[in-house]
Amino acid sequence: MAKNKKNTKFLTKSIHTGNRIDETGAAVTPLHLTSTFRQPSFSSSEQFVYSRTGGPTIDALEENFAMLEDAKFSFAFASGMAAMSAIFLMFKPGDHVLISQNVYGGVFRLVTKVLNDNGVDFDFIDTTNLKIIKDSIRNNTKLIHLETPSNPLLEIADISSVSKLCKPKNILVSVDNTFMSPCGQKPLNLGADIVMHSTTKYIGGHSDILSGALMVNDKSSAEKITLIQNTAGALPSPFDAWLLLRSVKTLSLRVERHFSNAMIIANWLKNHKKVTRVIYPGLKDHPQHAIAKKQQKNPEGKSVFGGIISFELNSTVNVNKFAKKLNFITLAESLGGVKTLISCPYSMTHASVPKKEKEKLGITKNLLRLSVGIEDVEDLISELDLAINH
Ligand SMILES: *Cc1c(COP(=O)(O)O)cnc(C)c1O
């Protein structure tokens, strides 16, 4: 757990926050690979005791993470799912939790296969609709978990309206901010209570680290999460924490390029004869474009729309042949790395969702999800064009 310092601008802070210079004078935060820390006496309680509770590298990272979301407290985890599990462990039998219906597949599995018998009641609802949220709230509702934009249909929930609705009822609002990153959306500033990240994605940014984070302002939530983080034992390794500190230094530059490339590609796809549907919150025909424009802002306050595009190829295109023509664009799950990745939700991330359900959601065999990287956008477009016209 680490406290945030608020003063300078985002780009400067992301480079310097948590970047501690020790007595050696090393310009970069040192990496401390140790499981335990020498204590001066049997009765002392030093800042660092044992690495499951925390250590200097994790502590530096958590200071940086708190800064990213303008939070008072932040917590590093070994994966996004470990961070998600910590949120759900805050609740007890008899409590009721609402979750966005198109939530990340791993969260769906956690709730329906692991936590289903633990006494907390979960309901999956359409969180783009405030009336549905209102009608789903019960006396024992303690949390609403939003994923916005959602995967792969990029549906947007209005964080500030949901937070306004929940505050007087003492319902916590948590937001999975993985898709926008802290450079595209600041849920705590919009009224949410907990921000969750799979830092495996944009924050790590190079498809080489698995990790997660939680950020909160409220002391009582922070105390609960501190206990869970220490006790359940899902901290990242110091090495991954050190790599993440390195990643964050370029986060805002990377994300700026991810987002601008995505906007160009979305517009290009929209005009392609063989593309029947383009889902991108930056396009005016996206059903929640206005909300995205209002709540998704970069550090300079400009509206941004993310680096993920879902698009559907028409029936003349064979998606397997399309995939074989790709070169730089890698066929893989995950997102948010510098390299462009493409996946087919129907047979990959959503393979376990029943066929009928997928059809209802509009997740067809020809729907592809592109995580736009930071390569030259012209190279990406010419490769996509070549593959579509295989
Ligand atoms: C990847 C992802 C997760 C899970 O994070 P891991 O780091 O893979 O455990 C959760 N939510 C979203 C939106 C994700 O993209």
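Counting convention: from 1, in listed order, for ligands and their atoms alike.
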S.K.: Using a 3.5 Å distance criterion without hydrogens, assess whether the side chain of Glu62 forms a donor-acceptor pair with backbone atoms of Ala76.
M.R.: yes

S.K.: Any idea which atoms of ligand 1 are less than 4.0 Å away from a heavy-atom of Glu147?
M.R.: 13 (C)

S.K.: Does atom NZ of Lys293 have more than 12 heavy-atom neighbours from other groups under 6.0 Å away?
M.R.: no

S.K.: How long is the gap from NZ on Lys164 to CG on Leu130, to the nearest 0.5 Å?
M.R.: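 So the NZ of Lys164 and the CG of Leu130 are separated by 10.5 Å.
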
S.K.: Among all protein non-hydrogen atoms, which one is nearest to atom 12 (C) of ligand 1, and what is the separation to 0.1 Å?
M.R.: Asp176 OD2, 3.4 Å

S.K.: For a side chain to side chain donor-acceptor pair (under 3.5 Å) check, start with the C-alpha distance between Asn389 and Asp385, then their side-chain angles and the critical distance, and finish with the verdict.
M.R.: CA-CA 6 Å; Asn389 294 316; Asp385 199 32; 3.2 Å; yes

S.K.: Considering heavy atoms of the protein only, find what lies nearest to atom 6 (P) of ligand 1 and give residue, atom and distance to 0.1 Å.
M.R.: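 Nearest neighbour among protein heavy atoms for atom 6 (P) of ligand 1, to 0.1 Å: Gly80 N, 3.4 Å.
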
S.K.: Note the single closest protein heavy atom to atom 9 (O) of ligand 1, along with its residue, its atom name and the distance in Å.
M.R.: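 Looking only at protein heavy atoms, the one closest to atom 9 (O) of ligand 1 is Met81 N, 2.9 Å.
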
S.K.: So which heavy atom in the protein is nearest atom 2 (C) of ligand 1, and how far is it from that ligand atom?
M.R.: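 Atom 2 (C) of ligand 1 sits closest to the protein heavy atom Lys201 NZ, 2.5 Å.
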
S.K.: Could you check atom 4 (C) of ligand 1 against the protein and tell me its nearest heavy-atom contact, residue, atom and distance included?
M.R.: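 It is Tyr104 CE2, 3.3 Å.
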
S.K.: Give me the one residue out of Ser181, Ser211, Ser247 that meets side chain to side chain donor-acceptor pair (under 3.5 Å) with Thr199.
M.R.: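 Testing each of Ser181, Ser211, Ser247 against Thr199, the sole residue satisfying side chain to side chain donor-acceptor pair (under 3.5 Å) is Ser211.
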
S.K.: Would you say the side-chain atoms of His286 pair up with the backbone N or O of Gln288, donor to acceptor, closer than 3.5 Å?
M.R.: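 Yes, because the side chain of His286 sits within donor-acceptor range (under 3.5 Å) of the backbone of Gln288.
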
S.K.: Start with the C-alpha distance between His32 and Thr57, add both sets of side-chain angles, then the distance that settles side chain to side chain donor-acceptor pair (under 3.5 Å), and finish with yes or no.
M.R.: CA-CA 6 Å; His32 290 280; Thr57 320; 5.5 Å; no

S.K.: Among protein heavy atoms, which lies nearest atom 7 (O) of ligand 1, and at what distance?
M.R.: Thr200 OG1, 2.6 Å

S.K.: Any ion pair linking Glu63 and Arg20 (charged N to carboxylate O, less than 4.0 Å)?
M.R.: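 Yes.
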
S.K.: Heavy-atom pairs closer than 4.0 Å: do any link ligand 1 to the side chain of Ala82, the backbone, both, or neither?
M.R.: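 Near ligand 1, Ala82 shows nothing, with every heavy atom at 4.0 Å or more.
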
S.K.: Mark up the atoms of ligand 1 that fall under 4.0 Å of a heavy atom belonging to Ser211, in ascending order.
M.R.: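 That gives atoms 7 (O) of ligand 1.
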
S.K.: Check this for me - ligand 1, Val107, N or O atoms closer than 3.5 angstrom, yes or no?
M.R.: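 No; every N/O pair is 3.5 Å or more apart.
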
S.K.: Would you check the N or O atoms of Phe179, main chain and side chain alike, for any that come under 3.5 Å of an N or O of ligand 1?
M.R.: no

